[in-house]
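By convention in this document, chain letters (A, B, ...) are assigned in the order of the sequence lines, proteins followed by strands, and residues within each chain are numbered from 1.
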Amino acid sequence: MDLNNYFDKSNPFTVPENYFQDFQAKMERMTRPVTFPWYRQVRSWAAIAAAVAGIVIGTHFMFPTQPAVQPLTEEENYVLSQVDEPALADYLASMDQSTTSSSSQETK
Amino acid sequence: MEKMIEEKLMDDLKNPQRRSRAFGQLVKEYQQPIYWHIRKMVLSHDDANDILQNTFLKAWSALDTFRGESKLSTWLFRIAVNESLTFLTSQREKFNVSIDELQENLSQSLEADAYFSGDEVQLQFQKAILTLPEKQRLVFNMKYFDNLKYEEMEEILGTSVGALKASYHHAVKKIEQFLLREI
């Protein structure tokens, strides 16, 4: 048996009427570029701007910025340079003692 | 498709402004050969329609990655072949049947198909083709019905020309044996 001579190669399958025209039209609809009218584009930009503003404001309230530490003046620097650390500690301790003794006398 | 027209179509497909229109041309040019190729694999018109749609939608979404190393037709056929094989595998898994059972189901549905106009001999011929393993069926259909060159089939299926020739030869022998038994 020789297949090439035994069978005709005509197509035994069929399709519904206008199938290929309809399929092509369907594919064109499915791959058509989507264009939005101008007011929809403006609306989406407005929505993005509002969202960004919301994030910025929200962040400001959630994480308030700390006040920056003021640098020392020349005068303060000079005073601090004249005092050594142990002397400063003694001074602060004596200040503590005097305040506690004066407050205990007041209570008596 | 002529080389010049194919090159123009490829350029237009890469251009975002002309892409949609060019894709319409591509569908018009190739929908029929690709449909018939898919239809011979899955037999049912509804299934072939779904696979054809998936094939073109996949091609549409992969246009940016198509480098033009092969012909557009080869690329589309390759997508269609993969989609058809994936469909047949999913059918087997969905109904939990073996390859033989699926082929038997396809054979029965062919007899009741409103869109099959073949006579008794053609029905037997289709049943004989259905006895082949899926990939051998692909090779047989491409060579026997679509008359593709082995080199083109090699590009589409990724199988060497020698292996394709052997596969076709075995397919013809199996079909002849089936028909000698049945007719």
Look at atom CD of A:Glu85 and say whether more than 12 heavy atoms of other residues, nucleotides or ligands are closer to it than 6.0 Å.
-> no
OH/B:Tyr35 to CZ/A:Phe13 distance, rounded to the nearest 0.5 angstrom?
-> 9.0 Å
Do you know the tightest heavy-atom contact between B:Ala114 and A:Thr14?
-> O-OG1, 4.4 Å
Counting heavy atoms not belonging to B:Phe66, are there more than 12 under 6.0 Å from its CZ?
-> yes
Heavy atoms from other residues, nucleotides or ligands near CZ of B:Arg78 exceed 12 (cutoff 6.0 Å) = yes
Are A:Tyr19 and B:His45 an aromatic pair by the rule of ring centers under 6.0 Å?
-> yes
Which value, rounded to the nearest 0.5 Å, describes the distance between A:Arg32 atom CZ and B:Phe23 atom CZ?
-> 14.0 Å
Please round to the nearest 0.5 Å and tell me the distance separating atom CZ of B:Arg19 and atom OG1 of A:Thr31.
-> 11.0 Å
Inter-residue atom distance A:Met30.CE - B:Ser20.OG, 0.5 Å rounding | 12.5 Å
Scanning both residues in full, the closest heavy-atom pair of B:Gly24 with A:Glu28 reads CA-OE2, 4.1 Å
What do you reckon, is CD of A:Gln82 surrounded by more than 12 foreign heavy atoms closer than 6.0 Å?
-> yes
Can you hop from B:Phe178 to B:Tyr144 via hydrophobic side chains spaced under 4.5 Å?
-> yes
How long is the span from the CZ atom in A:Phe23 to the CD atom in B:Gln53, to the nearest 0.5 Å?
-> 6.0 Å
What are the two closest heavy atoms between B:Trp36 and A:Val15, and how far apart are they?
-> CH2-CG1, 3.7 Å
Checked B:Asp113, B:Asn49, B:Leu57 vs chain A; the most non-hydrogen pairs under 4.5 Å come from B:Asn49
With a cut-off of 6.0 Å (strictly less than), are more than 12 heavy atoms of other residues, nucleotides or ligands near NZ of B:Lys174?
-> yes
Shared hydrophobic cluster, B:Val81 / B:Tyr168 (ILVMFWY, side-chain heavy atoms < 4.5 Å) = yes
The reported gap from CD in A:Gln21 to NZ in B:Lys28 (rounded to nearest 0.5 angstrom) is 10.0 Å
Are B:Leu85 and B:Phe77 linked, directly or through other ILVMFWY residues, by side chains that come within less than 4.5 angstrom of each other?
-> yes
Name the region of B:Phe116, side chain, backbone, both or neither, that has any atom closer than 4.5 Å to a heavy atom of chain A.
-> both
